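The structure appears below as structure tokens.
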Amino acid sequence: EVRLLESGGDLVQPGGSLRLSCEASGFTFSIYAMSWVRQAPGKGLEWVSTISGNAGSTYIAESVRGRFSISRDNSKHTVYLQMNSLRAEDTALYFCAKEATGVGGEIDDWGQGTLVTVSS
Amino acid sequence: AIQMTQSPSSLSASVGDRVTITCRASQGIGNDLAWYLQKPGKAPKLLIYAISNLQSGVPSRFSGSGSGSDFTLTISSLQPEDFATYYCQQHYNFPRTFGQGTKVEVK
């Protein structure tokens with residue numbers, strides 16, 4: 001059974017930083033691309049970032065480029081989202097997600113999300 | 001970025017109704033189209049991938065169709081557990097984009 005467990009969400013002031021983590025189990029982690037998708041309160045789903053299985057390729061949404069970065073540690077079965085210069089509009093539930101392929105597939109498993117609140 | 005436009009944004013239906021949701025991409029996306037269901041406070045769940053392939057464990061009342069840039073999700077006979085919000089997503093290229101969602105509510 002695939003399990004994705006996010007952590008690291010918190011209340012942070014504008015301009016602050018957070019690092020989200022997602023620990024995966026139940027599948028061969030290094031084969032699959034991993035993504036972060038967020039959902040602001042009462043809003044729809046917004047893709048944030050994707051990293052390939054071998055970490056050789058990363059992709060980031062324009063709305064967070066230059067502030068967020070994605071990485072992974074395949075030895076720890078963990079993917080990270082480093083979030084800097086946080087803004088109020090970054091407030092959202094952040095989902096960790098597994099793609100169905102190395103990169104380029106649909107998302108076939110999701111974590112339960114970790115809440116990031118940016119407010120003074 | 002490819003824009004994904006769903007319609008309607010919301011609909012009211014009764015148990016047993018046939019429900020159809022459409023999704024239009026701003027350009028052709030091959031078969032790189034997926035549908036997800038999300039219930040309040042829960043993570044999304046994959047229903048259909050590659051336009052028309054049912055994810056394992058998803059009831060056969062769900063089906064997907066379409067080609068090029070126009071796609072459809074159909075629920076043949078709406079069940080109580082199907083009241084939720086539905087999203088389409090393209091994974092043809094980056095940035096990945098989702099439709100704005102269609103909320104299926106009780107009539």
Side-chain angles (χ1 to χ4, degrees), chain A residues 1-6 9 20 22 24 26-27 32-52 56-66 68 70 92-115, chain B residues 1-10 21 23 25 29-58 62 64 66 71 73 84-105:
Chain A
E1 178 192 6
V2 172
R3 301 190 80 169
L4 302 172
L5 183 61
E6 303 99 333
L20 306 184
C22 171
F27 63 101
Y32 296 95
M34 299 294 294
S35 296
W36 289 95
V37 175
R38 69 184 181 182
Q39 187 169 37
K43 302 297 184 182
L45 301 171
E46 180 189 14
W47 171 80
V48 175
S49 189
T50 297
I51 186 167
S52 63
S57 298
T58 60
Y59 308 87
I60 195 98
E62 186 64 37
S63 59
V64 303
R65 187 167 295 146
F68 291 13
I70 191 170
L93 185 62
Y94 284 73
F95 294 103
C96 172
K98 168 188 166 293
E99 291 201 354
T101 64
V103 72
E106 66 278 0
I107 293 173
D108 61 355
D109 283 286
W110 300 71
Q112 289 304 302
T114 187
L115 184 62
Chain B
I2 298 174
Q3 293 186 16
M4 305 297 289
T5 304
Q6 282 181 238
S7 61
S9 296
S10 65
I21 299 168
C23 177
I29 57 172
N31 68 343
D32 294 336
L33 188 282
W35 289 95
Y36 305 89
L37 167 158
Q38 186 181 33
K39 296 184 180 180
K42 299 293 186 181
K45 170 187 171 183
L46 177 65
L47 293 175
I48 288 172
Y49 62 96
I51 300 177
S52 59
N53 292 272
L54 214 57
Q55 175 69 347
S56 176
V58 173
F62 291 93
F71 308 95
L73 173 70
T85 299
Y86 294 82
Y87 295 93
C88 62
Q89 183 219 12
Q90 66 80 19
H91 51 90
Y92 180 78
N93 65 12
F94 289 98
R96 302 285 197 248
T97 43
F98 291 88
Q100 80 277 17
T102 296
K103 187 174 184 178
V104 177
E105 300 175 299

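Note that the structure is a prediction, hence the values are computed from the model and not measured. In what follows, chains are A, B, ... by sequence order, proteins preceding strands, each numbered from 1.
- Only the side chain of B:A34 comes within contact range of chain A, with heavy atoms under 4.5 Å apart.
- Neither the backbone nor the side chain of B:Y92 comes within contact range of chain A; no heavy atom of the residue lies under 4.5 Å from a heavy atom of that chain.
- Rounded to the nearest 0.5 angstrom, A:S57 OG and B:F94 CZ are separated by 8.5 Å.
- Expressed to the nearest 0.5 Å, how far CG of A:D109 lies from CD of B:Q55 amounts to 7.5 Å.
- A:V37 touches chain B through its side chain: at least one heavy atom from C-beta onward sits under 4.5 Å away, while N, CA, C and O do not.
- A:W47 and B:F98 get closest at one heavy-atom pair: N-CE1, 3.9 Å.
- Side chains of B:Q38 and A:Q39: a donor-acceptor N/O pair is present below 3.5 angstrom, by distance only.
- A distance of 9.5 Å separates CZ in B:R96 from CD in A:E106, rounded to the nearest 0.5 Å.
- The residue among B:P95, B:P44, B:A43 with the most heavy atom pairs within less than 4.5 Å of chain A is B:P44.
- Separating the OH atom in B:Y49 from the CD1 atom in A:I107 is a distance of 15.5 Å, to the nearest 0.5 Å.
- A distance of 9.0 Å separates CG of A:L45 from OG1 of B:T85, quoted to the nearest 0.5 Å.
- A 6.0 Å sphere centred on CZ of A:R65 holds more than 12 heavy atoms belonging to other residues, nucleotides or ligands.
- Other residues, nucleotides and ligands contribute more than 12 heavy atoms inside 6.0 Å of the CD atom of B:E105.
- Note: A:G105 leads A:G44, A:S35, A:G105, A:A61 in heavy-atom pairs under 4.5 Å with chain B.
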